[in-house]
Protein chains: 2
Amino acid sequence: MSAERKAFRREGEDRRRADLVAATVDAIAVGGVESATVREIALRAGVTPGLIRHYFPGKDDLLRTAYAETMAEMTEAARAALAGAVGDSRQRLLAFVVANLAPPVASGRALSVWAGFIAKVHADAAFARIHREAYLDFRGEIESLLLGVFAESGRMPGEGAAVRLATAINAVIDGLWLEASLAPDLFAAGELAAAGRMAVEAMLSCALAGSPEQA
Amino acid sequence: MSAERKAFRREGEDRRRADLVAATVDAIAVGGVESATVREIALRAGVTPGLIRHYFPGKDDLLRTAYAETMAEMTEAARAALAGAVGDSRQRLLAFVVANLAPPVASGRALSVWAGFIAKVHADAAFARIHREAYLDFRGEIESLLLGVFAESGRMPGEGAAVRLATAINAVIDGLWLEASLAPDLFAAGELAAAGRMAVEAMLSCALAGSPEQA
DNA sequence: ATCCTTGTTATACAAACGAATAATTTTTCG
DNA sequence: CGAAAAATTATTCGTTTGTATAACAAGGAT
């Protein structure tokens, strides 16, 4: 009957911060930003609410950290597909595009988290900065893939052409990622991947691989 | 010193509902979904909080209505550009694409509202249904524009080709719209419109207009 | 003019929120 | 083994939230 105090273990700071960030993302993924309260986050992290403010100055800082890490993870997941891709630069670019249109990058979960954060960009300068960095990092990856394609095919694009093309390809990936994440039941398996391939090939005026395999 | 009761006028139901919806969208646009409280909405609409529940069963219903109307308005704004476009189907398609990449369709305001709602799609079936209808309506507009282009150029696309192409073009528009709305300072004037034109022309394998005017 | 309907305001309430502070346990270091 | 330091829990506080209900007033009907 006596009120027993909760037993606990001291974890390293890195571990605790990572757990809190993961719990935040989980909460947002399931119930949206408004359900990511300090109490809900603490519950998911297996700690009590007060601990959050021991590692973060306030809830907003935790959200910012979660946003930055989520974006970095999504780009990293697409880069991982790159590491496992065999073939020339075109096939690598194709693998990168396709990886962004399948789970875990494209998923209702990822979309909920992303949208919840994106909604804050306009009203919060810190979120705007995080977005910008994540965007430029992602587009930079596309651009470097493009430079590889140009080099292998002996093309010498004009000044700024790679950036412009990367911007357009980034848009295609984002748009298809949205479609795939928002209403996956509207599309047959591989349909959006095929659309992405078609769009990129059209913009590059070259095939990305021999036959329509993988896509 | 006596507590004076606020003077008021009886407005028509349509007018009041429209005002409340507009106030909701305004609140979200400025401060995000979490700032769209019943009190804030009522303040912006010039009424007292209790009136909201006289026209809507609850706050959620008001949000759903605001979402559906916002999406319809965005599509309508792009369609309006279509009505004022001169020329053949290709030029009309180009006008449609470009209209989606400039204010008021592309703007930080529109993005905040859209993202705030989109974040609810995964957790709320009603929002998912509204999204689906808005998406299919928008993509259907693209598809009908495509059919016009095909007819004028004498092309006879295979089964489902128009839908697939409309899906890809929809993705390009969405992606570029995101870029334009999220960080407009990253792009020069007309840069994204040019990218959209390039992408669509590449996918259609035909020019959308004579010279790079308007885009 | 007066009544009736109902649109509208005013007030109240319980729940949930982020934050602050105090109490306590774990870990580390001498 | 004991004491200092720090991580974690527990409790509390003042606000804000959505909703419910009661009081009021505006406009039409008779």
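The basis for the numbers below is simple: all heavy atoms, side chains too, and nothing from hydrogens, waters or symmetry mates. Chain letters run A, B, ... following the sequence lines, proteins first and then strands; every chain starts at 1.
For the residue pair A/Asn100 and A/Ala78, the shortest heavy atom distance occurs at ND2-CB, 3.5 Å. Taking both residues in full, the closest heavy atoms of A/Glu191 and A/Leu186 are given as OE1-O, 4.5 Å, listed atom of the first, atom of the second, then distance.
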Please report, to 0.1 Å, the donor-acceptor pairs under 3.5 Å made by any side chain of residues 111-122 of chain A, with sequence neighbours excluded.
unit_1: A/Ser112; atom_1: OG; unit_2: A/Gly108; atom_2: O; d: 3.1
unit_1: A/Ser112; atom_1: OG; unit_2: B/His122; atom_2: ND1; d: 3.2
unit_1: A/His122; atom_1: ND1; unit_2: B/Ala29; atom_2: O; d: 3.4
unit_1: A/His122; atom_1: ND1; unit_2: B/Ser112; atom_2: OG; d: 3.2

Name each donor-acceptor pair under 3.5 Å that joins a side chain in residues 42-51 of chain A to protein atoms two or more places apart or in another chain, with its distance.
unit_1: A/Arg44; atom_1: NE; unit_2: A/Glu40; atom_2: OE2; d: 2.8
unit_1: A/Arg44; atom_1: NH2; unit_2: A/Glu40; atom_2: OE2; d: 3.3

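In the region residues 7-22 of chain A, proximity to DNA chain C at under 4.0 angstrom, judged on heavy atoms, holds for A/Phe8, A/Arg10. The stretch residues 23-33 of chain B does not touch DNA chain D, since none of its heavy atoms comes less than 4.0 Å from the strand. Within residues 120-127 of chain A, no residue places a heavy atom under 4.0 Å from DNA chain C. Contacts with DNA chain D (heavy atom under 4.0 Å) in residues 53-65 of chain A: A/His54, A/Tyr55, listed by number. For residues 36-50 of chain B, proximity to DNA chain D is found at B/Thr37, B/Val38, B/Arg39, defined as any non-hydrogen atom under 4.0 angstrom from a strand atom.
Residues forming a side-chain hydrogen bond (donor to acceptor under 3.5 Å, both in side chains) with A/Glu69 (at least two apart in sequence, or on another chain): none. Under the rule for a salt bridge (Lys or Arg N to Asp or Glu O under 4.0 Å), the partners of B/Arg15 that lie at least two apart in sequence or sit in another chain are B/Glu11, B/Asp19. Applying the side chain to side chain contact (heavy atoms under 4.5 Å, CB included) criterion to B/Asp174, with sequence neighbours excluded, gives A/Leu178, B/Asn170. In this view, B/Phe138 and B/Phe96 satisfy the ring-ring contact (aromatic ring centres under 6.0 Å, His included) rule, not counting sequence neighbours.
Sorted by first and then second residue, the pairs that involve residues 133-145 of chain A and meet salt bridge (Lys or Arg N to Asp or Glu O under 4.0 Å), not counting sequence neighbours, are A/Arg79-A/Asp137, A/Arg79-A/Glu141.
Taking for each of A/Leu51 and B/Ser35 the nucleotide of DNA chain D with the nearest heavy atom, the 5'-most of the two is the partner of A/Leu51.
Contact of A/Arg5 with D/dT9 (side chain to base): a donor-acceptor pair of N or O atoms is detected under 3.5 Å.
Using a 4.5 Å cut-off on side-chain heavy atoms (C-beta onward), B/Leu145 and B/Leu82 make contact. Here the side chains of B/Met74 and B/Trp177 are in contact, with some heavy-atom distance below 4.5 Å. Within the 4.5 Å cutoff, side-chain heavy atoms of B/Asp26 are placed close to those of B/Arg109.
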